[in-house]
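Input: a single structure, listed below in structure tokens.
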Amino acid sequence: MNKDFWYELKHVCKQSGARYGILHTPHGDVETPMFMPVGTLATVKYLSPEDLYALETGVILSNTYHLWLRPGEDIVKEAGGLHNFMNYKGPMLTDSGGFQVFSLSDFRKITEEGVKIKNHRDGSPLFLSPEKSIEIQNKLGADIIMSFDECPPYPCTREYMENSVNRTIRWAKRGLAVHNNPKQALFGIIQGGDFEDIRKYCCEELTKLDFDGFSIGGTSVGEDKETMLRMLDYTLPYLPSDKPRYLMGVGSYDSILEGVLRGVDMFDCVLPTRIARHGALMTSEGRVNIRDKKYERDFSPLDKECDCYTCKNYTRAYLRHLYKCEEGLGKRLLSIHNIRFLINLTKEIRKAIQEDRFLDFKNEFFEKYGLNVKNPRGF
RNA sequence: GGAGGGGUAGCGAAGUGGCCAAACGCAGAUGACUGUAAAUCAUUUCCCAUCGGGUUCGGCAGUUCAAAUCUGUCCCCCUCCA
């Protein structure tokens with residue numbers, strides 16, 4: 001058991017079963033459920049660490065594959081680790097590179113030993129294995145690191161999934177065996193697609209091992225909303241309650257609420273920052289595409305109910321202008337807002353759980369935003 | 001006054017008898033984006049309409065089955081020479 005990292009389950013909502021807890025990390029304690037913005041290349045695009053502190057982000061992500069290529073894990077280590085390198089003092093998490101193997105799948109070849117993959121920038125051959133991924137992550141030095149898994153495509157055959165999950169389990173053991181930084185928590189990743197028995201089997205096998213938490217993988221890969229929820233239903237009941245559960249790659253607000261309802265503690269997603277850069281905002285009035293002409297002379301704040309720096313200081317007309325002119329400040333201000341929207345959502349979620357009214361909160365939220373199965377995201 | 005070049009959709013710019021409502025770029029409008037190859041991608045922009053139809057390529061008049069493309073003429077712009 002890791003002495004620098006542990007999960008403290010503080011309260012289970014009597015109305016819903018959702019969990020409120022505290023994650024203790026070497027870089028501070030954070031409350032869960034929480035949302036973690038993604039900073040692939042040791043930066044949450046367009047935001048400074050000061051922006052992140054103001055947003056109260058807690059944990060932020062970075063990425064093994066991308067930092068491996070640039071600047072290289074040795075340089076990050078030389079700089080004193082990821083925290084020093086990028087000057088972020090809060091807790092950090094690195095993904096293992098497993099997802100890049102999936103998203104760059106045009107160039108990959110998966111074997112028992114690991115994955116042959118082509119450098120997406122220059123085509124040069126690369127090889128990533130469970131050992132290599134953990135070795136890189138040990139050098140990067142994030143508080144929480146991920147096991148190297150295979151993220152299978154959806155849909156895929158039962159045979160493919162069985163082979164893949166067994167390999168992911170073997171890879172998990174290999175990663176665990178070489179992990180040598182006691183300050184870093186290591187999470188196992190549950191796969192199995194929407195095969196209930198395979199998900200369950202994966203949970204049973206991985207929870208036998210000495211992981212500090214468990215991630216739910218294989219979601220947000222093109223499946224529909226109902227399927228994703230089914231995957232959660234096939235996974236969460238088989239995970240131990242004394243360890244954190246992390247739903248990887250999920251960040252639309254309806255999915256966060258559904259995840260929390262099922263017992264998820266941690267979420268990460270590029271969605272708020274990516275769509276912000278593309279001019280789409282999550283607001284108390286639903287989705288706003290700031291580029292739209294109707295905002296040309298709208299001198300009101302982006303979201304009247306929001307307390308973020310952007311909403312307190314700038315108008316929709318100005319944000320639209322920045323977007324149209326492709327100014328970096330626009331991307332920054334819009335990213336600030338979207339992240340704050342999700343941070344505020346998780347704050348309200350935690351409060352509702354502690355007050356044993358999370359189910360009401362979730363239902364009210366869905367009603368307010370007109371969310372349903374057909375229109376799940378609503379923005 | 002003389003010689004030459006040019007006027008194409010919001011802008012720039014292809015096209016020089018039928019495959020042209022007219023490439024392409026920009027600009028505009030709209031949508032998408034879920035462990036970030038993402039300042040990306042998709043749709044759309046003469047008019048009306050579901051199919052489909054109606055008006056266009058400086059103006060006018062011609063030639064032709066057929067013209068943005070050929071002829072005449074007029075208007076405007078640019079360069080050079082006087």
Side-chain angles (χ1 to χ4, degrees), chain A residues 35-46 59-67 69-70 93-108 117-123 126 133 137 142 144-152 154 187 189-191 214-225 227-228 231 245-256 258-259 264 266-282 287-296 320 322-332 334-335 338 342 376-377 379:
Chain A
F35 175 75
M36 311 180 287
V38 180
T40 306
L41 284 158
T43 167
V44 178
K45 293 185 192 300
Y46 291 91
V59 179
I60 62 165
L61 259 70
S62 211
N63 187 275
T64 299
Y65 170 82
H66 291 287
L67 293 177
L69 301 189
R70 286 190 295 187
L93 181 155
T94 46
D95 186 25
S96 62
F99 187 75
Q100 278 59 47
V101 168
F102 167 78
S103 64
L104 305 173
S105 62
D106 287 351
F107 314 122
R108 73 175 170 179
I117 188 169
K118 278 187 184 174
N119 183 324
H120 69 281
R121 296 177 52 233
D122 63 14
L126 298 169
S133 173
Q137 294 187 79
I144 305 167
I145 67 176
M146 290 297 123
S147 190
F148 186 68
D149 64 328
E150 183 198 345
C151 183
Y154 179 85
F187 281 31
I189 302 180
I190 310 296
Q191 292 289 355
F214 296 96
S215 304
I216 301 152
T219 59
S220 302
V221 291
E223 80 283 6
D224 60 37
K225 190 69 57 168
T227 302
M228 192 199 81
M231 291 176 179
R245 297 95 171 257
Y246 162 29
L247 178 53
M248 306 184 83
V250 167
S252 64
Y253 40 56
D254 62 300
S255 298
I256 289 175
E258 297 284 12
V264 175
M266 304 160 68
F267 301 84
D268 84 283
C269 197
V270 304
L271 191 69
T273 44
R274 179 183 290 168
I275 69 174
R277 273 178 276 124
H278 298 163
L281 292 314
M282 305 172 180
R287 183 185 181 116
V288 166
N289 287 334
I290 199 66
R291 135 201 65 210
D292 289 0
K293 196 172 178 59
K294 59 187 169 187
Y295 304 120
E296 194 174 28
R320 177 178 193 270
L322 292 177
Y323 179 85
K324 298 290 283 184
C325 297
E326 299 181 58
E327 282 293 336
L329 178 61
K331 295 176 199 305
R332 170 166 171 259
L334 296 174
S335 295
N338 268 359
L342 290 183
R377 188 170 301 145
F379 59 72

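Convention: sequence-line order gives letters A, B, ...; per-chain numbering from 1.
- For rC41(B), the OP1/OP2 oxygens have no side-chain nitrogen or oxygen of Arg274(A) closer than 4.0 Å.
- Residue Asn289(A) places at least one side-chain N or O closer than 4.0 Å to OP1 or OP2 of rA32(B).
- Across the interface with RNA chain B, nearest-nucleotide mapping of Lys331(A) and Gly97(A) shows Gly97(A) to be the residue nearer the 5′ end.
- Rounded to whole angstrom, the span from the CD atom of Glu150(A) across to the P atom of rG35(B) amounts to 18 Å.
- Residues Val250(A) and Cys269(A) form no side-chain contact, since every pair of their non-hydrogen atoms from C-beta on lies 4.5 Å or further apart.
- Between the CG atom of Leu271(A) and the P atom of rA32(B) there is a distance of 11 Å, given to the nearest Å.
- Atom CG in Leu334(A) sits about 19 Å away from atom P in rA38(B), given to the nearest Å.
- The side chain of Asp292(A) has rG31(B) as its nearest neighbour among rA39(B), rG35(B), rG31(B).
- Between rU36(B), rG35(B), rG31(B), one nucleotide has an atom nearer to the side chain of Arg291(A) than all others, and that is rG31(B).
- A distance of about 27 Å separates the P atoms of rC57(B) and rU50(B), rounded to the whole Å.
- When atom types are taken as modelled, the side chain of Thr94(A) and the backbone of Asn63(A) share no donor-acceptor pair closer than 3.5 angstrom.
- Counting only heavy atoms from C-beta on, Asp95(A) has its side chain closest to rU36(B) among rU36(B), rC33(B), rG28(B).
- Between rG35(B) and Gln100(A), no contact under 4.0 Å exists linking OP1 or OP2 to a side-chain N or O.
- No aromatic stack links His66(A) and the base of rU36(B), using centre distance under 5.5 Å and interplanar angle under 30°.
- In this structure, the NZ atom of Lys45(A) is 6 Å from the P atom of rA38(B), given to the nearest Å.
- To the nearest angstrom, C1' of rU36(B) lies 15 Å from CG of Asn338(A).
- As rounded to whole Å, 9 Å separates atom P of rA37(B) from atom CG of Leu41(A).
- Distances from the side chain of Gln191(A) to the nucleotides rA32(B), rG35(B), rA39(B) place rG35(B) closest.
- As rounded to whole Å, 12 Å separates atom P of rU36(B) from atom NE2 of His120(A).
- In this structure, the nucleotide among rG28(B), rC33(B), rU36(B) sitting nearest to the side chain of Lys324(A) is rG28(B).
- A donor N or O paired with an acceptor N or O is not found under 3.5 Å between the base of rU36(B) and the side-chain atoms of Ser103(A).
- Atom CD1 in Ile275(A) sits roughly 14 Å away from atom P in rA39(B) (whole-Å rounding).
- Listed pair Arg320(A) / rA29(B) meets the phosphate criterion, a side-chain N or O lying under 4.0 Å from OP1 or OP2.
- Across the P atoms, rU36(B) and rG31(B) are found 27 Å apart, a figure rounded to whole Å.
- Note on ring orientation: taking the six-membered ring where Trp is involved, the planes of His120(A) and Tyr65(A) are tilted (angle from 30° to 60°).
- The side chain of Lys293(A) lies closest to rA29(B) when the candidates are rA29(B), rA37(B), rU36(B).
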